[in-house]
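Each residue takes its place number in the sequence, starting with 1.
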Amino acid sequence: MSNFFVAGGNLAPDAPCYVLRQADDALLAALQAREFSYVLDTRQVGKSSLMVRAATQLRRDSVRVAILDLTGIGQNVSPEQWYSGLLAQLGAAIGQEDALENFTDSHPQLGPAQRFFAALQEVALPQDTSPLTLFVDEIDAVRSLPFPTDEFFAGVRACYNRRSDNPGLKRLTICLLGSATPDSLVRDARVTPFNIGQRIVPTDFTLLEARPLAEGFGDGGMHAIERILYWTDGHPYLTQRLCQAVAKVGHFDNGSVDRAVARLFFHESAREEETNLSFVQRRVLEGGEDVTALLELYRRARRREIKEEPGSPLGAILKLSGIVRSVRGQLRVRNRIYARVFDEAWINRSIPDGERRRQRAAFLRGLLPTATVGLVGLAATGLLTFRSVSAEKEATRSLNEVRQRELQWKQALEALANERASHSSADAALRQLAEDRLKFAQEENLELRKRLGIAPETDLRLR
């Protein structure tokens, strides 16, 4: 029954695999109360499906609904063309194409933004006394336009603020949806509409919410859902995608689910081929932010070392990529799939080359002098003290310190081995240096053991 599940794209409100969440009730309640709302979150978490379901219910309640898809207008447009595109979508949705076009033609003296909101208030609202709800979807598309769009957001805010002196505007509700942060959309904080509306958060599925998905498997369905959510932690797209794969196989035990996870997400090219993983990777590495700082923040989140800081730009970018989420005031990796795919080795490989070389150089500057001086000093200590029975403890301590140096160089080599093979002279020199220092430490270890009469295989502890 793999066709039961839908991964990617909008789900019909009556789709059997649609999972109702708290966000569904929250958005519908806000819009029915004529509250301005916004849904800003990462991609593929069900924002558009949430919108479609709310729009369907509003129409049943005799509310006029217009869904304005900003990606349908394009990017290489002028302000005149962009606002005309908005009016065209609005007119088609509410059956007022001619009236809105006539208004545009008769008011050439108005600027594009002013003309759009004037047409909305003087034509779209008065033509019908029923409420009107505008969904502006893919709002992040404004970031790619060749002109600033603060005027648009200022107009949205004005529609809300003028409700007190314009009763007609009380019948207008606007909901903005997209994958962006408020700061990235509005340059002037004084005109932002994101501090007057209600924010709706489409959380990941809980086990209770995901129970309807078990119908797609038949017998044994809940067992499969439990194991799937073990990996996805309820991420909407990943859950539907994994459900599809498991249903296609027809076996619902833990092993079958785990093998499906590996086939879909853990192969070498999954980060480039799987749409969700590809988006997460690109958003982190190619978002135009400080990549090194983002990766280091993510590293700390993996290690559970960081609390969420409200207003932190880097934290907001990480959450918007979908790779982390907020859990009881701390940033956490969103699910086990992301934790496996975007692991420490991925972080190390993804740090820009210049920064990685700088970090390596700093590491070597700190380690090499210590290791060299320490080994020479320890060798001398061992030669001087082994003759004295009273100095046996000191010699043993020296031997253990040499062994610690060995471990340091082994770890350095392992860290290098975790990175992708590189043929650069810098990487080759670093590996050779680490190998030489490890060999030197091992030779010192054997020499001290020989002088102390300790067998090479004996495991020593400080006394």
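- Every residue meeting the ring pair (Phe, Tyr, Trp, His ring centres under 6.0 Å) condition with F36, not counting sequence neighbours, appears here in chain and number order: Y160.
- Judged purely by distance below 3.5 Å, without hydrogens or angles, the side chains of R340 and N335 never pair a donor atom with an acceptor atom.
- More than 12 non-hydrogen atoms from other residues, nucleotides or ligands lie less than 6.0 angstrom from CZ of R303.
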Query raised in the report: Hey, mind stepping through D69 and Q89 against side chain to side chain donor-acceptor pair (under 3.5 Å) and telling me if it holds?
Result: CA-CA 8 Å; D69 183 356; Q89 290 191 14; over 6 Å; no

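- A donor-acceptor pair is defined here as one N or O able to donate and one able to accept, closer than 3.5 Å; no such pair exists between the side chain of S256 and the backbone of F252.
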Report task. List the steps and the verdict of side-chain contact (heavy atoms from CB on, under 4.5 Å) for D137 and S48. Result -> CA-CA 8 Å; D137 197 16; S48 294; 3.3 Å; yes

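- A distance of 13.0 Å separates CH2 of W231 from CG of L229, quoted to the nearest 0.5 Å.
- Using a distance-only test at 3.5 Å, with no hydrogens or angles considered, a donor-acceptor pair links the side chain of D140 to the main chain of S179.
- Between V324 and R332 there is no side-chain heavy-atom pair separated by less than 4.5 Å.
- In summary, the side chains of T239 and T232 do present a donor paired with an acceptor at a separation below 3.5 Å, with no hydrogens or angles considered.
- A salt bridge (Lys or Arg N to Asp or Glu O under 4.0 Å) check over residues 319-330, counting only residues at least two apart or in different chains, returns the pairs D204-R325, D233-R325, E308-K319.
- With ring centers used as reference points, W82 lies under 6.0 Å from F152.
- Side-chain atoms of E272 and Q281 include a donor-acceptor pair closer than 3.5 Å.
- Scanning both residues, F4 and L213, for their nearest heavy atoms gives CE2-O, 4.1 Å.
- The main-chain N or O of R162 is never found under 3.5 Å from a side-chain atom of N166 such that the two would form a donor-acceptor pair.
- Ring pair Y83/F116 is tilted by interplanar angle, where 30° to 60° counts as tilted.
- Taking every heavy atom of both residues into account, H251 and V246 meet most closely at O-CG1, 3.6 Å.
- Residues A293 and L314 approach most closely at CB-CD1, 3.7 Å, considering heavy atoms.
- In summary, the side chains of H223 and D253 do not present any donor paired with an acceptor at a separation below 3.5 Å, with no hydrogens or angles considered.
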Report task. Let me see the working for L285 and L295 under side-chain contact (heavy atoms from CB on, under 4.5 Å), right down to the final yes or no. Result -> CA-CA 9 Å; L285 302 184; L295 290 171; 4.1 Å; yes

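- Taken from CD in Q244 to CG in L264, the straight-line distance is 9.0 Å, to the nearest 0.5 Å.
- Remark: the Y237 side chain and the T275 side chain contain an N/O donor-acceptor pair separated by less than 3.5 Å.
- T181 and L40 make their closest contact through C-CD1, 4.4 Å (heavy atoms, listed as atom of the first residue, atom of the second, distance).
- A donor-acceptor pair is defined here as one N or O able to donate and one able to accept, closer than 3.5 Å; such a pair exists between the side chain of R21 and the backbone of T203.
- At a threshold of 4.5 Å between non-hydrogen side-chain atoms, the residues V291 and S350 do not count as touching.
- The shortest distance between side-chain heavy atoms of R171 and L132 does not fall below 4.5 Å.
- Of the charged side-chain nitrogens involved, at least one lies within less than 4.0 Å of a carboxylate oxygen, so that R227 and D258 count as a salt-bridged pair.
- Between V284 and W346, the shortest heavy-atom distance links the atoms CG1-CH2, 4.2 Å.
- With a 4.5 Å cut-off on side-chain heavy atoms, E209 and L20 do not count as touching.
- By the 6.0 Å contact criterion, CD on Q96 is enclosed, its count of non-hydrogen atoms from other residues, nucleotides or ligands being greater than 12.
- Under the 4.5 Å side-chain criterion, counting only non-hydrogen atoms from C-beta, Q44 is not in contact with P236.
- Within the 4.5 Å cutoff, no side-chain heavy atoms of P193 are placed close to those of I174.
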**Report entry** Worked verdict on F153 versus I139 for side-chain contact (heavy atoms from CB on, under 4.5 Å)
**Finding:** CA-CA 11 Å; F153 294 105; I139 193 67; 4.0 Å; yes

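- Ring centroids of F217 and F5 are separated by less than 6.0 Å, placing the two rings close together.
- Remark: side-chain polar atoms of S78 are paired, donor with acceptor, to backbone N or O of Q81 under 3.5 angstrom.
- Q32 CD to L58 CG: the interatomic distance, rounded to the nearest 0.5 Å, is 6.0 Å.
- Distance CG/L294 to CD1/I317: 7.0 Å, rounded to 0.5 Å.
- One finds the OG atom of S37 at 9.0 Å from the CG atom of L176 (value rounded to the nearest 0.5 Å).
- Side chain of R211 to backbone of I225: no donor-acceptor contact under 3.5 angstrom is found.
- Judged by distance alone, with hydrogens and angles left aside, the side-chain atoms of Y298 form no donor-acceptor pair with the main-chain N or O of V333 at under 3.5 Å.
- Counting non-hydrogen atoms of neighbouring residues, nucleotides and ligands closer than 6.0 angstrom, the CG atom of D219 reaches no more than 12 such neighbours.
- In this structure, R115 fails the cation-pi test against F103, since its NZ or CZ atom is not both closer than 6.0 Å to the six-membered ring centre and inside 45 degrees of the ring normal.
- Under the rule for a ring pair (Phe, Tyr, Trp, His ring centres under 6.0 Å), H267 has no partner lying at least two apart in sequence or in another chain.
- Other residues, nucleotides and ligands contribute only 12 or fewer heavy atoms inside 6.0 Å of the CG atom of N76.
- Judged by the 6.0 Å and 45° rule, R334 forms no cation-pi pair with Y338.
- Taking each heavy atom of K47 and G178 in turn, the nearest pair found is CE-O, 3.4 Å.
- Between V201 and R199, the closest side-chain pair of non-hydrogen atoms falls below 4.5 Å.
- At least one donor-acceptor pair under 3.5 Å links the side chain of R64 to the backbone N or O of A124.
- Looking only at side-chain heavy atoms (C-beta outward), E273 and S278 stay at 4.5 Å or farther from each other.
- Under 3.5 Å, the side chains of Y230 and N254 contain no donor-acceptor pair of N or O atoms.
- With rounding to the nearest 0.5 angstrom, the CD1 atom of I200 is 10.5 Å from the CG atom of D25.
- One N or O on the side chain of N348 and one on the backbone of E344 form a donor-acceptor pair closer than 3.5 Å.
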Report task. I would like to know whether H107 and Q109 meet side-chain contact (heavy atoms from CB on, under 4.5 Å); could you show each step before the answer? Result -> CA-CA 5 Å; H107 292 79; Q109 77 280 9; 3.9 Å; yes

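- More than 12 heavy atoms of other residues, nucleotides or ligands lie within 6.0 Å of CD in E226, so this atom counts as buried by the packing criterion.
- Using a distance-only test at 3.5 Å, with no hydrogens or angles considered, a donor-acceptor pair links the side chain of H235 to the main chain of L238.
- By the 4.0 Å N-to-carboxylate-O rule, R43 lies close enough to E138 to be salt-bridged with it.
- If you check the side chains of R241 and N276, you find no donor sitting under 3.5 Å from an acceptor.
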